[in-house]
2 protein chains.
Amino acid sequence: MAAGKKTTATEKPGKSRQETRREEIIKAAAPVFFEHGFAGTSIDDIIAKVGGSKRTIYSEFGSKEGLFAAIVTDNARHALAALAPEAMAGRNLDATLLEFARELNRVQMSPTVLALYRLVVAEGVRFPELAKLFYDSGPGLASARLSQVLKEFLERGDIALDDPDGAADEFVGMIRDNRHLKTVLGLMSRPSAEDTEQRAQTAVRIFLDGVRPRR
Amino acid sequence: MAAGKKTTATEKPGKSRQETRREEIIKAAAPVFFEHGFAGTSIDDIIAKVGGSKRTIYSEFGSKEGLFAAIVTDNARHALAALAPEAMAGRNLDATLLEFARELNRVQMSPTVLALYRLVVAEGVRFPELAKLFYDSGPGLASARLSQVLKEFLERGDIALDDPDGAADEFVGMIRDNRHLKTVLGLMSRPSAEDTEQRAQTAVRIFLDGVRPRR
DNA sequence: GTCTATATTGCGATAGAC
DNA sequence: GTCTATCGCAATATAGAC
């Protein structure tokens, strides 16, 4: 009766059957959580989507919370991979920040991450571990990486500031601006690529040089 | 048998019995929605808090949604009224921005606005009118006001930028930074007054002059 | 399929405003 | 005293849980 899709395994040579199954479950469960919220989703809802046995879910993820945590970390890992410091090595300040702004924007405006954001903001107070996991593997990690980058440029004398951690937080905030909020609230569809590029450039420009004219 | 509280009416001379009752209900119901979310709150929960009859709620607000909407609009109106005053006239650029940063920070870090933020982000997709109302009377209004201010300074030549609206959004984003998010997620209690002041100053400094050393 | 929870409504009784 | 808002309680409807 279940879905007839036989994607069972042995198709991706690099992955064990367990890994494949794990990914199938995560991929199928995520939209269910997104639609009904954490509390509003039952393991049975997920079984109804992905098929198989509850037993598999519990042995792989331990609990409903464990499954959700896996969804968060999995998405964060995929999404933020491009923000790795290595990806920015050997570039100058402007190019590094611009690339960071683009990547962060791309990540946080993706439908999946937007849905995660809504979900975690909604349930964060009730499930502090989930909130912490989301923050640490998403916005917090982004900020920490940027801070590290800023410190390197600081040592070289390319920039001057008192509080690199604070500045990193504020740059991340610039990227997560009112357009992000409007999109989160469903008031706006995703901005165009040109608009996004334009705003990334503006953010970098402001962060580096400010709006006060130099003379 | 009923609760002995006789707050009946005739205490606020300017308000009709109906108005008084309406406000009592909103005041009592708001924390319930804030704590349990829209779906997690039942009319009976609210009656248990405020007393009286369900019928009153339905004749006044029409439905649970109507009550929810009234709570959001009422709280938004009260909490965000502080963004209205023009304490910014006739000052120079630095002082104006600093005052704006302080004020916006104070508003958006208040417990009520934080609770509203969580609630509206959670339910925004389901209640687009509420999302729009919250945005327009909060972050959107702040951004619009700032944009107007920026345009004035732009005309005077005090600043140089291409896109005042975009820059305003980004400044608002700097104020709603990762500390705001951590607080929304319950990962952090409200930052101290000194920390807040420090960060407001940093944001203004970065926005005006950037982090690149002037030479 | 039964059972529970909960949104919504109906209506007679009561209490406060004028 | 009349009028209206509110109360109290019960009934209906329905969706989801078990």
Item to complete: Specify whether B:Phe100 and B:Phe171 have parallel, tilted or perpendicular ring planes, treating 30° as the upper limit for parallel and 60° as the lower limit for perpendicular.
Response: tilted
Tightest non-hydrogen contact, residues B:Leu116 and B:Val72, listed as CD2-CA, 4.1 Å
To the nearest angstrom, the CZ-C1' distance between B:Phe61 and D:dT6 comes to 13 Å
Quiz item: Above 12 or not: heavy atoms from other molecules or residues under 6.0 Å from CZ of A:Arg205?
Solution: no
To the nearest angstrom, the CD1-P distance between B:Ile47 and D:dC7 comes to 8 Å
Per-helix bend value, the helix from C:dG1-D:dC18 to C:dC18-D:dG1, C1' rotation axes over five pairs per end, 10° rounding, shows 10°
Handout entry: Enclosure of B:Glu129 CD (heavy-atom neighbours >12, cutoff 6.0 Å)
Key = yes
From CD of B:Glu60 across to C1' of D:dT4 the rounded distance in Å is 14 Å
Taken to the nearest whole Å, CD/B:Glu19 to C1'/C:dG16 is 16 Å
query: Under 3.5 Å, is there a donor-acceptor pair between the A:Asn178 and B:Arg176 side chains?
result: yes
Contact string for nucleotides 1-11 of chain C, one letter per nucleotide 5' to 3', B = base within protein heavy-atom range under 4.0 Å, S = sugar-phosphate only, - = neither, reads ------SBBBB
Here the distance between atom C1' of C:dA17 and atom CD of B:Gln18, to the nearest Å, is 13 Å
Across all chains, not counting sequence neighbours, the side-chain hydrogen bond (donor to acceptor under 3.5 Å, both in side chains) partners of A:Gln198 are none
(request) Ignoring hydrogens and angles, state whether a donor on the side chain of B:Ser192 or B:Asp195 is under 3.5 Å from an acceptor on the partner side chain. (result) no
Separation of D:dA5 atom P from B:Glu24 atom CD, nearest Å, is 16 Å
Which word best sums up how the rings of A:Phe68 and A:Phe33 line up, parallel for under 30°, tilted for 30 to 60°, or perpendicular for over 60°?
perpendicular
